[in-house]
Every structure is written in structure tokens, then in C-alpha cells.
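Here the structure comes first, spelled out in C-alpha cells, and everything after it is commentary.
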Amino acid sequence: MPPQALSLNLNLPNLDGLYEHSPWVVQRTLAQHPMGFATIAALKFALAQTLQAASKDEQLALIRAHPELAGKAMVAKTLTSESTHEQSQAGLTHCTPEEFAHIQEMNARYNAKFGWPFILAVRGPRGTGLSRQQIMSTFERRLKNSIDYELAECLRQINRIAEIRLDDKFHVQPTRGNKLWDWHEELAAFSEPEFQAAGQLTTTYLTQAHLDCAALIQKQMLQAGFDEARIDAVGNVVGVYRSFNPDAKTLLTGSHYDTVRNGGKYDGRLGIYAPMMCVRELHQEQDRLPFHLEVVAFAEEEGQRYAATFLGSSALTGDFNPSWLDQQDAAGITMQSAMQNAGLPASFDAITKLKRNPSQYLGFIEVHIEQGPVLNELHLPLGIVTSINGSVRYQCRVEGVASHAGTTPMLLRTDAAAAAAEMVLAVEHAGKASGNLVATVGQLRVPNGSINVVPGECQFSIDLRAPVDEARQTLEKTITTALEDIAQKRGVQLTMNRILEVAAAPSNPIWQTCWEEAVQSLGLPIHRMSSGAGHDAMKLHSIMPQAMLFVRGENAGISHNPLESTTSHDMDLAVQAFAQLLKNVPMVGLAN
Ligand code: HGY
Ligand code: MN
Ligand code: MN
């Protein structure tokens, strides 16, 4: 089905003041698009492209046209009306003397290092304004960046400032994205105690924080108008919005709500909330789809508490490994007892009943933050996933001989940690030599190590990823051979326990096209890209067609990090794309 041609009839308001003291950005953009624009998103992307294509001198002149935060222009009251509004809304006109002095000092350091003023969209990713504390901590953090990174980040911030100013000019608000933002904030309130105390987000499988998340998502689903929302035998939260046709097939969607330790608020969760928002709107309009919509908040994808990655989606595909029930966490608690404590059946028999019958499903679609820098660099809010890289994970153990650090001569040692260190570098070297594959040692520890003992044991993890399985298998062979040679040379014992292997998952062409047409309907270009991160979609891939939509991340797309972020505008566009896809499904004959 060819995407319907969009009419380029967006009525433009006065766009003066969009880019600080720099009308050329708007003028050049309008001159390059004499036919006009279909949507505000299309206009924003064109403006960002003008900035991207401008000369470095023009980019620097634009950056230097911006006032410092709480700087001389504010004191002298010579800010533009837009900047006055923005800086006062962020409370920068009410700094304490200490805050004012701290900001001045940072302005001086920043200018000395970069040669231009620090630029930050102080109205923030939600559009309601960052606190002074958030502004100052961002300022300190960005002072550590490289020149090139900061130049790109300042241009990103300038586009973000323009994006929010456009809302004012068009009298629009990203209402869906704002609501999604608030849902994420509510969910992020639950974190495991020691992390909560440090202001960090960690919700690993079946901890109290994790159970609180499940209960909240279930409540939010019912409030949004789902016909049912239940917690299943592995802790997935399953919401169903039934079709007007009781015999219809089901479209499956969702993502995970568990997090890595000290993780971000949007990894997984955006893929739950975007479809939930669509159901909320369908329900408000008393509208029903020609297919059932099943939204699953998967209980476990990250494999943090137990080495049972994709546990939630594995239950749906019939891949739940019964041996996982006997796995112990760091405190020696088995998964089965954690399930019992959570009031779950805790039996393999009950879990096997969760397997979905693929013949009743149209497919699986997932929205996820990109977790990388690509969309950020392209100034694109949405991307189309063409394939999810396959991955393999190992837990490795090196056994040497513990001995006295003071009396054991260097040449008589069998040092497990030194051997592991050489192995870690071998993993890195093989990854670098592989081209576009990645190899990571994310965990490295000397169990019960002492400062005055030559380590007798050292444990580390390995995570390998590749878009093509054969390439990953070659890298795997290279690495295992290299590590065995090191073990041999050093006289240590190496055990490598493979704990995960997931094949690369190419997107289903029809569902990928559904995403592409949905994105095009927003007036945005299509950018196709593979996923370096693993997702639940790669598990569902084994039993039904799947395709994913990526959403741009803030802070150059950083993820598995508290800096992980997106904006309410980008989340709003993800919801719009999802809603459009739901409309397109019947047209591509998938809903019969
Ligand atoms: O590791 C991954 O790619 C995913 O975030 N679990
Ligand atoms: Mn993740
Ligand atoms: Mn994820």
C-alpha cells in the first residue's frame, strides 16, 4: 500500500525569534522548501538539517549569539523575550548568591575551554523547566566533554530550544508525550532500597520494587481502559484491549519493565507506555480495532538478578528453561523461592501454560529507545529497525593459586586476576579487530579478594554482538582460543559458561513497512538501522513476525545509565506513529 501523499499545507505562524539573533536558519529553511511542510515535525527536521548543513563558522556564530545562563545579559536585562521567559521559568533569575557565583564561575570555565557559551534548553525534556540544581549539575557534567561533543550537543540543545518555541508559536503541546513522561516518572519511583538511597534506579526481577512496578502498570492499564490487565506466572503484566470482532486475531506488543543496576527510566518502559497511550485514546473515543491488542510488560529482559535473560518473553515463546527456577541470586535465593515470595505459582507447569499459539497472532511490534547516538546525530526523532543484532554471553572463571602478596616471588605466582586482566584485553582486541562487532567485559571481580593476597580466583563476563550470526560465531571462536592460550601460558584454569545465545533477528518486511508508512505519515523521513541492543522482539521473532521502532535518546543516546532520556516531543511522535500503524494494519491485509 503506497503511503498516502501528504499535503504540504502547514500554515506557518511568524517564526521570528526561533533561533537566537539568527533569522538565517528559518529564512534558509523556508527558501529550501518553497512547497511548504506537511507537519510541524517535518518543519523541525528541516530546520535541524539547515543547521547541520551550515558552515562551522555559521554554527559557531549561532552558538555565540546565545546569552550565558544567568549571565551578563540577564543581569543587564538585555535578553531576548524568549530567553528572558526561558531563563526566568527555570528560576535562573532567582539564584542565591552562591548559585549565581557558581554559574558565573562555570560560565568562565566553559567559555575558556570551548570558546562559546554553555547552551542548554532549560525548559528541559518535559518542557516544563529544569530545576536550578539540574541545570548546574548538567553544566558541571558537560564541562568535562570534548570540544567536538560539546559543539554537537550545543546544536542539539539549540534545536531543542527551537522545538519548544515552535510549540508556543503553533499553540500546540505534546500532550501524549507529556502523559508518557509522567507515567515513566511514576514508575521510576520504585527502586531497590540501596539504590533508592543513592538516587539511582534499579528494579531487578521480583524484588519488592519490581513487584511495585508490576502493580502500578496493572493499575495504569486498567485506568487507561484495557478490558483486562493481569499478572502472569512469571510476573509479566498482560493487558488486553479487545476487538469489536471476538474472533479476531491479536496484535502483540510491549517491552520490559525491569532495569539494569543504576539504569535509565525509558529502556523497555517506553515500549509498554506507547501502546498503552494508544489504548487510552481508543478507549476515550470508544473506538475498537479489527484485532485484539495485547500489551505485555515483560518482567525480566536484562538478566541482572538471575542469568535468565529474556525470561519474560521466553515464557511466551515456550523457551523458559526449567533449570532457571533453581538458579540462585547473589544472596542465595533461588528463582523459585523468589517467585513463591511474590505469590506466583513458581512451577514450570504453570509457566509452560503461558506459551502463545502463534496462529492466533498477527505479529509482535515493539517501540524502544535507540540506546545509541545515531538518531541524535541525524536530528531524527524516530528510526526503523531492520535487524536486531544477535548476542552470546559467557560467565568466565579463572582459577589460580592464592598466596601471600608479600612472600610470593613474581615468577612463582599463578595470579588469577592478572590472567583475567590479560584475557579482558584479548576480548577487547578481538572486538576491535572484528570491524562492526562488539565485545564487552561488563563484570570483573575477585571473589573474597584481600589486598595482601595474590588472587586465587577471578570471574568475568563476556558479551558478544553481531548483525550476522556467522560473524559472531567466528569472533566467539577467536576469543575462546585466545583465552585458552592465555590460561595455558599462565598455568591457570579457565572455565567459560555460555549463559545466553540469541540469534540475530531481521525485521519482518511487512511489519517493517507498516512502521515506515506510519513514520512517513508524520512527515518524517525513513531512517533504517540495525539494533546493537537486544530486545524482547528477538525472542518473539522465533514464533511470529516482528518489527521495531526506535526513538531518539537525549545525551547522545546514552543508555543503561541514569543520563538515559528522551523528550516528551519524541515520545509523542512515537505514540502518533504507533496509532497510525494500528490504523494501517487492516490496509495491509494483516488484520483478517
Ligand atoms: O543487553 C541488551 O542489549 C539489552 O538491554 N538487554
Ligand atoms: Mn537494556
Ligand atoms: Mn531494553
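Indexing begins at 1, ligand by ligand and atom by atom, following the structure's order. Sequential numbering from 1 along the given sequence is applied to the chain's residues.
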Query raised in the report: Is the Mn ion (ligand 3) less than 2.8 Å from at least one N/O/S atom of His256?
Result: yes
Query raised in the report: Is there a donor in the side chain of Thr250 and an acceptor in the side chain of Glu294, or the other way round, less than 3.5 Å apart?
Result: no
Query raised in the report: Is there a donor-acceptor pair under 3.5 Å between the side chain of Arg269 and the backbone N or O of Tyr257?
Result: yes
Query raised in the report: Does Ile333 offer a backbone N or O that forms a donor-acceptor pair with the side chain of Ser337 under 3.5 Å?
Result: no
Query raised in the report: Would a line drawn from the ring center of His535 to the ring center of Phe364 be shorter than 6.0 Å?
Result: no
Query raised in the report: When you look for heavy atoms under 4.0 Å from ligand 1, do you find them on the side chain of His535, its backbone, both, or neither?
Result: neither
Query raised in the report: Any N/O of Gly534 closer than 3.5 Å to an N/O of ligand 1?
Result: yes
Report task. For the pair Gln327 (side chain) and Ala307 (backbone), establish whether a donor and an acceptor sit closer than 3.5 Å, ignoring hydrogens and angles. Result -> yes
Query raised in the report: What do you reckon, does Asp463 have a nitrogen or oxygen under 3.5 Å from a nitrogen or oxygen of ligand 1?
Result: no
Requested in this report: For the Mn ion (ligand 2), find the closest N/O/S atom on Glu302 and give its atom name.
Outcome: OE2
Query - Heavy-atom nearest neighbour in the protein, as seen from atom 1 (O) of ligand 1, with distance rounded to 0.1 Å - result: Arg465 NH2, 2.8 Å
Query raised in the report: Looking at Glu302, which atoms of ligand 1 are within less than 4.0 Å of one of its heavy atoms?
Result: 4 (C), 5 (O), 6 (N)
Report summary line: For the Mn ion (ligand 2), the nearest N/O/S atom on Asp267 is atom OD2
Requested in this report: Number the atoms of ligand 1 from 1 as they appear, then name those within less than 4.0 Å of a heavy atom of Ala533, with their elements.
Outcome: 3 (O)
Query raised in the report: Taking both backbone and side-chain atoms of Arg393, is any N or O found less than 3.5 Å from an N or O belonging to ligand 1?
Result: yes
Query raised in the report: Picking from Arg393, Arg498, Arg472, what satisfies salt bridge (charged side-chain N to carboxylate O under 4.0 Å, His left out) with Asp463?
Result: Arg393
Query - For His560, atoms of ligand 1 separated by under 4.0 Å from a heavy atom - result: 5 (O)
**Report entry** Any donor-acceptor N or O pair under 3.5 Å, side chains Asp469, Gln473
**Finding:** no
Query - Worked check of salt bridge (Lys or Arg N to Asp or Glu O under 4.0 Å) between Arg126 and Glu185 - result: CA-CA 11 Å; Arg126 171 67 165 78; Glu185 286 304 303; over 6 Å; no
